[in-house]
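Have a look at the structure below before the remarks.
Each chain gets a letter, A, B and so on, in the order the sequences are listed, and its residues count up from 1.
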Amino acid sequence: MPETGVHQDIHQEVQDDVHDVGREADGLANRRFEKVNEILEKYECDRAALISILQEVQDEYRYLPKEILTYVATALGLPPAKVYGVATFYAQFSLEPQGKYVIRACDGTACHVRGSQPVLRAICNKLKLKDGERTTRDLMFTVETVSCLGACGLAPVVMINDKIYGQMTPEKVTKVLDDIIKAERRRGEVQ
Amino acid sequence: MINGKKIIVDGQAVPLDGEENLLEVIRKAGINLPTFCYHSELSVYGACRMCLVEVEGGGLVAACSTPPRDGMVIRTNTERVRRLRRIIIELLLANHNRDCTTCEKSGACKLQDLAMQLGVREVRLGQRDVRLPVDKSSPAVVRDPNKCILCGDCVRMCEEVQGIGVLDFAFRGSRVVVTPAFNKNMAEVDCVNCGQCAAVCPTGALVVKSEVDEAWKAIHDPKKTVIAQIAPAVRVAVGEAFGMPPGEIATGKIVAALRRIGFDKVFDTCFAADLTVMEETAEFTERLAKGERLPQFTSCCPAWVKFAEQYYPGLVPNISTCRSPQQMFGSVAKKFYARSLGIKPEDLFVISVMPCTAKKFEARRPEFNTGGVRDVDLVLTTQEVTRMIKESGISFEELEVDSFDAPFGFASGAGIIFGVTGGVAEAVLRAAYEKLTGKALSDVNFVEVRGMKSLKEATVEAGGREIRLAVVNGLGAARDLLDKIMRGEASYDLVEVMACPGGCVGGGGQPVPNTREAREKRGRGLYAADKLVQLRKSQDNPVVTSLYGKWLDEPNGKEAHKALHTAYSSRRRISGEDIELTGQPGAGPGAGTAEDGRCDGRVSKVDVAVCVGTSCYLRGAYNVLQNLIDEVGRAGLSDRVNLHATFCFERCDKGPSVSVNGRVITGVTPDKAGWVVENFIRPQAAGSQSSPSSSSSVDSAMRR
Ligand code: SF4
Ligand code: SF4
Ligand code: FES
Ligand code: FES
């Protein structure tokens, strides 16, 4: 019985964490949009500054949402197709949501035989990502699988941004993510 | 202007005469250098490399983007140049879906032509295996990116000539595509269906959407009476596919051909154009007298109308409410002609033969119907009707000419010139002059408004006042003119707009090549046809007069209005999602029960959307948004509201627009934010469970 209780508690806590991050994103949406308008103002809606504008917008959103690109096109008086062309031409821009933390879970042969699948499932559970979803709604995490990170000796391997985490288990990876979420929450409170 | 400067092309001296690039000089020398991305009417792009030539001491250059210098020695046919040309074609073909036999462009394709001309008999590279989806969403054109050679002709046509920019290059390297914004379908963006992109596309990547099969089906259906109307510009172009020069009048032959194909009756859209002149003139003189809604814009061109609806909502009330000749014909046919035949409107099948792809869109506009039945059932372009003639094996060259059927086969010269830039204005002038002065007009030729220039202006004295006219063709030129009008730098009484360069004679459905030269000749053909008829003025057309006597009463009267006029509204440019600002994304009304249903006291929230589309944006929508956020907060409703920014409620002329649970409120200037919160958001928040009111309801803050 106590066991179950603990489990439920953990579960509850996990849910709360994810929710907190989500809620923080609520106010963010508007702040971000305000920022877009500041950026546009700063460049005086100058078409020649399109690339710089897109760079700053991407810094804000961590990617270039379509509807924001349409908005930028509107403000600059450019055809949306032109803005889309520029945004897809430069490798630095991403039109897909990218989390602040990009998690690359290796599923190469070595990692696979050593249990990378359960690790990946644990990550998705922890982040409440459903099938086919790559990025959490709050844009905190993006999960990708890769076929080899060149660290087979440490299999199964997970890479989060530039950091390698070796010999992962579902429990260990959950702990790593917990720590990140906690750190983010603290930063949120400080702000 | 010859100044003694010259270059040597393949050993032959060619004088320079102000040409801007080598290509023009080389072509002047009688050498038909192959090109894909060069069009004399568009900016020079210089990307396809087909026009490579060797310059002595200068190596290989692209002729289209190299200015000629005195004394240059050019060779166009060296071993190296010829080898390179073939390789370029081979490379293009390797990336190209080569289903030539079943391609809509087959026979008119530049890639196919050049491959043949340059003797490419083998492609030594593998076939690209990625297949991108074909976009058939547009009523006007079909886009098959697998056949695109990235010449950019369509991009520059749409942007430079039409002033829109629907298509552009996206991505890089091997993934480059020419596409509408966000890879959307053509029907989801601001394309006005003019078809000019398809007219310049050298391959089958952009083609006119064919409705030939539907036409055959109707013709073979014994229950249907199938009638045709033929637009003016078709008669001076349809012969081109059968070896006749552009501009030669083939009216009698096309009538004969359609009859052989199986049409029950063949009528003339020029007749309907006469009807349009009567209506438009009555409307115009009325507006002149009252001094309201001037300038009056013509409404015959559906690409222009859609353009105005999208970009100039403020000028929409100035567009003549007259339906276009095509739609007037359809309406008269379905409402009156069917009755006179004793058949139901749905058993009368109206097929238009048009130079225009946008007419396909126009015929589908929901407002043009009779008791729920489309007024014009099908639109075939000149290209499609040519295919039908060929398919039925009719030898066009040898056809005996035939004449139109009564009653809608009789037209005045004014109706005939509708097909060329300036023609509508001139036709209306011929009628308005007599109406305003009460005198007969002796010289009906208003030559000032003729010709292929993109903008023509004229002033005509009539009845003690001056009528100021502008005639513009090409939507880019129209945009410049409209901006001038909006800024108060120009003012007119009547403005004729045709979207296609040269007017309908240069329509997107006309035979290719659709060059300036061809358009000019077709236009001259129409003026010649105008001279050939006895009656030059629409008001003299006895069939038109009898139509009013029998069914329509008087021009611009009540009956005529019901059958021959319409209304326009502003139109959204691009489909897409909203920008979420506050509240849980996606948790709008109705979405409250979804998700996990946990106990966070979910009550459905009030959905508030602020339009940030161009018109509203320019009227300060962003400040409206900020004020709304503040006011909602002040009212303590922050957690009861989902706020997002959206693109266009199609009320652009009355913006800024805001919607509260689906109900659109217009005229919401930033200072009205508090008013919106108290009168719309708070009541909705109080009775939150109620379903959103219908989206058709509109309120205006203007009155406050
Ligand atoms: S049909 Fe006309 S408006 Fe549409 S993409 Fe082509 S050129 Fe542009
Ligand atoms: S669609 Fe046609 S005109 Fe446009 S870039 Fe491709 S090949 Fe050229
Ligand atoms: S025609 Fe000169 S580069 Fe294309
Ligand atoms: S731009 Fe169309 S309603 Fe706002």
Side-chain angles (χ1 to χ4, degrees), chain A residues 11-12 15-16 18-20 22-23 25-41 45 47 57 60-61 64-93 95-97 128 130 136-139, chain B residues 155 158-159 163-173 175-184 189-191 573-587 596 598 600 611-618 621-623 625-626 628-629 633 638-639 642-648:
Chain A
H11 187 67
Q12 191 58 51
Q15 298 272 337
D16 284 352
V18 174
H19 246 88
D20 272 11
R23 214 160 279 152
D26 267 13
L28 243 189
N30 183 46
R31 250 182 288 141
R32 283 212 187 97
F33 190 61
E34 260 177 58
K35 195 68 205 284
V36 171
N37 283 285
E38 279 165 28
I39 297 166
L40 288 168
E41 245 164 65
C45 289
R47 290 174 199 181
V57 169
E60 211 44 50
Y61 282 83
L64 295 172
K66 280 184 200 158
E67 51 288 0
I68 298 294
L69 288 179
T70 308
Y71 184 73
V72 169
T74 306
L76 303 192
L78 282 172
K82 181 119 289 163
V83 175
Y84 179 65
V86 170
T88 52
F89 182 82
Y90 294 98
Q92 54 171 315
F93 295 130
L95 272 80
E96 293 295 320
K128 299 220 307 187
K130 296 193 202 78
T136 56
R137 268 215 192 139
D138 56 25
L139 296 184
Chain B
V155 174
C158 192
E159 188 177 334
I164 305 179
V166 169
L167 298 161
D168 214 321
F169 290 93
F171 300 97
R172 66 187 309 168
R175 293 176 61 218
V176 178
V177 281
V178 166
T179 169
F182 311 114
N183 245 327
K184 281 182 190 290
V189 293
D190 45 358
C191 168
R573 299 172 191 178
I574 184 166
S575 72
E577 276 113 61
D578 292 355
I579 302 171
E580 302 293 345
L581 295 174
T582 65
Q584 288 281 1
D596 46 0
R598 276 172 62 241
D600 52 0
C611 174
V612 292
T614 312
S615 299
C616 293
Y617 179 81
L618 294 174
Y622 178 66
N623 293 328
L625 199 66
Q626 285 308 315
L628 265 179
I629 294 173
S638 294
D639 51 357
N642 280 325
L643 189 70
H644 38 121
T646 189
F647 296 95
C648 196

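- Proximity of A:Glu38 to A:Lys35: side-chain heavy atoms (C-beta onward) are separated by under 4.5 Å at one or more points.
- When heavy atoms are compared at a cutoff of 4.5 Å, B:Phe182 approaches chain A by way of both its backbone and its side chain.
- Your options are B:Asn183, B:Asp168, B:Asp190, B:Ile164, and the one with the most heavy-atom pairs under 4.5 Å with chain A is B:Asp168.
- Of the possible polar contacts, one joining the B:Lys184 side chain to the B:Ser575 backbone as a donor-acceptor pair under 3.5 Å is found.
- Counting heavy-atom pairs under 4.5 Å between each of A:Pro79, A:Gly77, A:Ala87 and chain B puts A:Pro79 at the top.
- Only the side chain of B:Ile574 comes within contact range of chain A, with heavy atoms under 4.5 Å apart.
- Proximity to chain A (any heavy atom under 4.5 Å) is restricted, for B:Leu167, to the backbone atoms N, CA, C and O.
- Using modelled atom types and a 3.5 Å distance limit, the side chains of B:Gln626 and B:Tyr622 yield a donor-acceptor pair.
- Under the 30°/60° scheme for interplanar angles, the aromatic rings of A:Tyr71 and A:Phe33 are found to be tilted.
- Interface remark: B:Val166 contributes backbone atoms only to the contact with chain A (heavy atom separation under 4.5 Å).
- The side-chain tip of A:Arg32 points at the ring of A:Tyr61 from less than 6.0 angstrom away and within 45° of straight on.
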